[in-house]
Every structure is written in structure tokens, then in C-alpha cells.
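Working notes, structure below.
Atoms considered below: every heavy atom in the structure, side chains included; atoms not considered: hydrogens, waters and symmetry mates.
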Amino acid sequence: MLLFTRSEARQVLAVLRKSGLVNFSRRIQPPITMVQAGSQLRILCATKDCWVVWEREPGSHETRSSTPSEPITRVTVSIELLRECQGPDAEVVTLEVDQDIVKASWSVSGFAVEREFQVFDAPDEQLFPHPREYFSCPPEFLGALRQVMTVRDSASTRYALNCVQLSGSRQQLAGTDSRKLLIHRGIQLPWPEDLLVQGTDLLEAPELQRVKTVRMGRTETDLVLQLGHWTVGLKLNTESRYPPVDRVVPSLSEETTRLELHPLDATRLEELLHRMLETCSSRSPTMHQPLTVDLTGDVPIVRCRTNHSPRATEIRLSRSSRHGQPGKVCLETRFLVSALEMGFQQLAFHKSDSPVRLDQHQRVYILMPLDPDSLIPPGDDHVITTGPEPADVDRAPVFDQAQGLPIRRAELAIA
């Protein structure tokens, strides 16, 4: 007999879905294996790219802990079992194995529920390799790994851009999709070589983001992370190549055009660009949204245009400053928003067609610009100033959902 709660089933299923191991839109799902000995319960799931093990803390469900004399119950069933019995409460789910059938029973709001599920063959234990030794990770490791995992491309054939690089030789993590490159430097890794690790969205799961202590180890085939209740195995790619990412990072000089964003301007700019993207995404979620970073005047300007109007919106970053040579560059709006979300506030480039470099402490973010022909010239623009304005002007914009453009409250009052 196996025992677990409906809330534990929901917790495990949420992480498995976030990792991509489980996707109920597909016809075939990987099975799960449940192993119980006394109060200790493990739930295992594996695919060719990743494996996950959840383990209940001893004593969290029962007061006694397991002993070597206690029997071990093991069963492999469809992931549909967790989908059926999951819930927000601590109601106990009971599984009884009867030859090729698992009988599951629980209650919902006092009403008894019973289901039967087919028993599958147990997976090979080699699918869940554990390293001989684990190492404590530096505090910044998990956040850095999570961020570089967001910058990858599964469609690339020349390079393994569906992976991220953990470089022991340079003590850094890197991820790229050929249009963006994110490098976290100063990450101490316990091996001298470079590893290519299969990318996954697993680390975005809220359950794993709350983990404070992380340990890692490696086998010949996997990078293994211990994250609280969870042990995660990410497949190592030993066959493919990764681009020489350090060669792409442009150097900085006195000739470089640089923007130093004031924190308040950065927050306001992120808010405004988010609103613009939300306005456009309802009609054209995949269409490019170019913007122009104009550093030719005394006040830095970001100029953007929606798909619904020929008029542009000019965002004047009144608290920020430009250094070096004057210049303009055209960027994909979503790329700049992602940089602002990660806290980048320093931007630099050499020419309109050269890579744009953003720096923040030990992180470097490289964005490939759009064609200079996409630059938005100044004209009869809506103007928003992020800093103080004359007292008789209300600068807080309201977005017109029909046109996707910010309009001033004063204009609304006239209407």
C-alpha cells in the first residue's frame, strides 16, 4: 500500500508539467514510478532529456521513519493518476496494487472516489544515475542557471543552442539563441572542463525557485542537482558543439555609444514597453516590434511604434545619461524588455549594425540589432517623459486599446 496526499500529488504534477516531462496535449506521456518504504516516498519520472525525483521528507506524512525491515512497495503507473487525484487539501490517497491493476481511493468534500490504473513495467534504474559526490553550489548559481536556460533555441542544427554551457575553465554560465547571448561570470564550478547541459524550463517552477540550498554533482551522462525535495538530472551533450561565445562580446572604448539608465527610468521604461507589447500581442503575438534607442541628443530617447498606427511614441529618459559618441540602434522590443526585467541598466554599442552590450555586475547580455533600415525617425510623435515635467502637464499616459498608443489624461478629459 502507498499513501500520499492530494496536495503532494498537485505539487509533483506542477513541477513535472513545468519541466516539459508531462504535456497532456500529447498522446503519449512518460509513466511515473512510486516507491514507498515506511514514511519515505519517492516519485520518479524520466524522459530522454531529463529526469526528476521527488522525495518526501522523512516524517512529514507519518511520525515514524522507515527501517531496513520494512517492506518496500514499488509501482509504475500512468501520470494520469496524479492528474485525477491532485487537489489543494491534505486528504490521503491510498494505492493498493493488485497484480496488473492499481486501485486508487480518496475523497473529495466527503465523497469517496475510486479509480483503477494499469501497472506498467518499471523503468531501468540507469535512467536515474546518481553521482558519487555532491558539491555545494554558490548562492548565485541557481538563479544564474535559471536565467541562461531562458536563452536557448531548440531549432538550431549547426550548434547545440538547445543547451547551455557551464564552463569550468572560464568559471561562467552561458546561453544563446543566436540573437541573444547571456553570460554569468564568476560562477565557481567544481570541474575544469566545459559542459553542455540540456536546456529545460524546469527551474522556472515556483516550487524550485523557493529552494535555498543547492548541491550538484555529475555522472558520465548527467548533471545532477539536489533542490530540497527534488533531485533533477539534466542530460549532458557530449556530441555537439557550442559557439565561441566570448568572441561575440564587443569591447568597450571611448568611442562606444553608451546609455546609463537611471533606476526610475528603467522601471518606467519596462512598464511602458510591457503595456505596448500587451496591446499588440492580442492581434499579432509573433510579429516583430522594433524600437529605436536614440542617443544623438542631450536626453536619451526610446522611440517605438505599434502595429495599429503610423505615429510613434517617444519615451524621453530624462533622468538617464548618454556617454561617448552619439548614435542610434534598432532593437526587438521583447529583447530590451527581457534585459530590463533582469535588471540591466547599462547599454553600449559601436554602430547601428553592431551587437549591443548590456552590463550588470558579473553579467553580460548581448543583443543583435535589427537592420538599420528599421530605425524609427523622429516625427509627429506622442511624447512621454519619464522624469519631472512642468506642473501644468500630466505626464501619466493611458494606453488607448484601439490604437495601442499612450494618450494623455488631459486629452481624455477633452474627449
Under 3.5 Å: donor-acceptor pair, side chain of [X], backbone of [Y]:
X    : Y    : result
H184 : Q172 : no
R357 : S251 : no
D359 : Q346 : no
T257 : Q325 : yes
Q40  : A37  : no
E207 : Q209 : no
S318 : T385 : no
D124 : L127 : no
S354 : H350 : yes
R311 : D380 : yes

Is any side-chain heavy atom of [X] closer than 4.5 Å to a side-chain heavy atom of [Y]?
X    : Y    : value
D49  : T200 : no
H274 : E341 : yes
L95  : V97  : no
Y159 : D153 : no
R115 : W106 : yes
L291 : L273 : yes
T313 : L272 : no
L227 : L142 : yes

Exercise. Is there a side chain to side chain donor-acceptor pair (under 3.5 Å) between D294 and T296 once you walk through the steps?
Worked result: CA-CA 6 Å; D294 187 343; T296 58; 2.5 Å; yes

Nearest-0.5 Å distance that lies between atom [atom1] in [X] and atom [atom2] in [Y]:
X    : Y    : atom1 : atom2 : value
R185 : Q362 : CZ    : CD    : 8.0 Å
S39  : R56  : OG    : CZ    : 7.0 Å
L161 : R241 : CG    : CZ    : 11.0 Å
L234 : L196 : CG    : CG    : 12.5 Å
L295 : T292 : CG    : OG1   : 10.5 Å
L358 : Q360 : CG    : CD    : 10.5 Å

Are more than 12 heavy atoms, taken from residues, nucleotides or ligands other than [X], located less than 6.0 Å from that residue's [atom1] atom?
X    : atom1 : result
E220 : CD    : no
R26  : CZ    : yes
H130 : NE2   : yes
D371 : CG    : yes

For this session: Give the intermediate values and the outcome of side chain to side chain contact (heavy atoms under 4.5 Å, CB included) for residues R316 and V383.
Result: CA-CA 7 Å; R316 299 175 65 85; V383 177; 3.5 Å; yes

Exercise. Is R83 positioned over the aromatic face of F24, cation under 6.0 angstrom from the ring centre and no more than 45 degrees off axis?
Worked result: yes

Provide the closest heavy-atom pair for [X] versus [Y] in the form atom of the first, atom of the second, distance.
X    : Y    : result
F128 : V52  : CE2-O, 4.3 Å
V151 : L181 : CG1-N, 4.4 Å
L208 : R146 : O-NH2, 4.0 Å
L375 : C330 : CD2-N, 3.6 Å
D265 : T386 : OD1-OG1, 2.6 Å
R6   : C85  : NE-O, 3.0 Å

Any luck finding a side-chain donor-acceptor pair between [X] and [Y] under 3.5 Å?
X    : Y    : value
D194 : S169 : yes
R170 : Q165 : yes
S25  : N23  : yes

Exercise. Among all residues two or more places apart in sequence or in another chain, which pass the salt bridge (charged side-chain N to carboxylate O under 4.0 Å, His left out) test with K235?
Worked result: D222

Salt bridge present between [X] and [Y] (N-O < 4.0 angstrom):
X    : Y    : result
E278 : R275 : no
R303 : E314 : yes
R152 : D201 : yes

Exercise. Going through the distances and angles, do F344 and L261 end up as a side chain to side chain contact (heavy atoms under 4.5 Å, CB included)?
Worked result: CA-CA 9 Å; F344 287 94; L261 276 171; over 6 Å; no

For this session: Decide yes or no on side chain to side chain contact (heavy atoms under 4.5 Å, CB included) for H229 and V12, but give the supporting numbers first.
Result: CA-CA 10 Å; H229 293 268; V12 172; over 6 Å; no

